[in-house]
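Beneath this line is the structure, given in structure tokens, with notes to follow.
Proteins come first, then strands; the chains are lettered A, B, ... in the order of their sequence lines, and each starts at number 1.
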Amino acid sequence: MRLSRYFMPILRDDPKEAEIVSHKLMLRAGMIRQEAAGSYSWLPMGYRVLKKIEQIVREEQNRAGAIEVLMPTIQSADLWRKSGRYDAYGKEMLRIKDRGDREMLFGPTNEEMITDIFRQGVQSYKDVPRNLYHIQWKFRDEVRPRFGVMRGREFLMKDAYSFDLTREAGQHSYNKMFVSYLKTFARLGLKAVPMRAETGPIGGDDSHEFLILAETGESEVFFDKGFHDMDWGAFEIDFDNVEDVAKVVKEFTSKYAATSEMHDAADYEKRVPADRRVTGRGIEVGHIFFFGTKYSEPLGCQVQGPDGKMVVLQSGSYGIGVSRLVGGIIEASHDKDGIIWPESVAPFDIGLINLKSGDAEADAACEKLYAGLTAKGKDVLYDDRAQPGGAKFATMDLIGLPWQVIIGPRGLKDGIAEIKNRKTGARENVALDKVVERLTG
RNA sequence: CGGGGCGUAGCGCAGUCUGGUAGCGCACCUGCCUUGGGCGCAGGGGGUCGCGAGUUCGAAUCCCGCCGCCCCGACCA
């Protein structure tokens, strides 16, 4: 993409409504635009990142055996009356009426609907276990939306729902999602520490939330420093192997980690030596629940077992805040100059800077590199605008692409380009005809 | 939902107290210059001052009503 033809409205100053760094940077980098409190348009740069995160989440869900569906954003109130949550959910649920005066709602989550879908589609114990998920926009009429996409009212969430015959099988489904989340967050360049959580309005028996550490997190967290040294996703796992999966879960739940709501100071001090205690702040990016028959019972989600008797299914739900992750990754990865995208989610792989746009030699060198890198499958954002070099560097640092290729008269006279790594700041001079190889080899 | 604050050009702000028909910086446009960290000179465009109703010869400014947004708290993915 040539910057001269793109839509990337960047700002030099911080908009005053933005309080935290990810919100400021997302606005400054032209990723989002606020439409109402807690409601954002995703501009091209932001949308690219959102789609990349969504795709990684999807791939890891598929790898763990979950099956993708898509449910509507608008739901009927009737289903929610059956589960008893129509009243229980309170003002956070956005309620609307259609032309026939029927009560509808903008879905804040989908336990009821998916349970109803699954109930209608299965009759036998042979039809379980299953895990269905979708990645869809949710609406929760938050009392107080804030921090940009971190707490929006409309947000993109991956939510998965597992159905099993027995509690033990349900536990395995829960464990699979637990492990899948570790791998998902690792691919996003994050260490998301699993912490035992309260079940909240979703309800249920077992629950963990995954928090990434960042100064601006909404939750205070207490954990064992040993978490830093663990293997966060490089491990191979066979999701069908019940013992192996359980072993990983055990490993990641054996060390102390808790949010302030669940924090037990006495237990903390007993289990974690003083020099390994870390107190910080965290951002919740995932939350998993095992709730047994809480929804399958009232919604009649049952199958016939091997002995011919009806069995109410055990279920769990598993959420990842996809749009929140965009902000969360920035909170975890930025510096004074701007965003530092992990390569896996960067909106473009490479920023190509032409320091002398309009100069025949510089233009030709850039065009050749742009074509060469693109041909190798790299997404390149080529800054071909007629702007002073300083402005181009500042822009490129702000938007945080992992690699910058800098072409200017100084290097061109020796036939070289400068390559800069955004994260480390390391620069290297590379012969023009070796640049493509260096960045794709 | 309680408390506080703010709405004036794309962004950041001044002007409001004390009424006289809107200004600054950045951004943008044109020309020249420049091209390795937000460059220089000159010229220029853009705003029904959140909305409505009042007071007044005259309202961004005063009065009344409404809307929107932000922050703190309580609440929450």
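Using a 4.0 Å heavy-atom cutoff across all strands shown, A/Arg427 reaches at least one base atom of the nucleic acid. Residue contacts for A/Pro388: at a heavy-atom cut-off of 4.0 Å it reaches a base atom on one of the strands shown. Using a 4.0 Å heavy-atom cutoff across all strands shown, A/Glu284 reaches sugar-phosphate atoms only and no base atom. Nucleic acid contact class of A/Lys24 (heavy atoms, under 4.0 Å, all strands): none. At the heavy-atom level, A/Lys138 lies nowhere under 4.0 Å from the strands shown. Looking at heavy-atom distances under 4.0 Å, A/Asp397 makes contact with a base. When heavy atoms are screened at a 4.0 angstrom cut-off, A/Ala36 is found touching the sugar-phosphate backbone but no base atom. Within 4.0 Å (heavy atoms only), A/Lys91 reaches sugar-phosphate atoms of the nucleic acid but no base atom. Residue contacts shown for A/Leu11 are limited to sugar-phosphate atoms, with no base heavy atom under 4.0 Å away. Here A/Glu19 lies in heavy-atom contact (under 4.0 Å) with sugar-phosphate atoms only. Counting non-hydrogen atoms under 4.0 angstrom, A/Gly319 reaches nothing in the nucleic acid. Within 4.0 Å of A/Met396, counting heavy atoms only, lies no atom of the nucleic acid at all.
Atom name P, nucleotides B/A14 and B/C62: the rounded distance is 15 Å, in whole Å. B/C51 and B/G68: their P atoms are spaced 15 Å apart (whole Å).
Looking at A/Arg324, its side chain comes within 3.5 Å of the base of B/A77 through a donor and an acceptor atom.
The nucleotide whose nearest atom lies closest to any side-chain atom of A/Lys356 is, among B/U35, B/G38, B/G12, B/U35.
Remark: A/Arg146 is in phosphate contact with B/C72, judged by side-chain N or O atoms under 4.0 Å from OP1 or OP2. Taking only side-chain nitrogens and oxygens, A/Arg410 never comes nearer than 4.0 Å to OP1 or OP2 of B/G36.
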Next item on the list: Report the C-alpha distance between A/Ser180 and A/Glu60 in whole Å, list the side-chain angles of each, state the deciding distance to 0.1 Å, and finish with yes or no for side chain to side chain donor-acceptor pair (under 3.5 Å).
Entry: CA-CA 6 Å; A/Ser180 170; A/Glu60 292 302 325; 5.2 Å; no

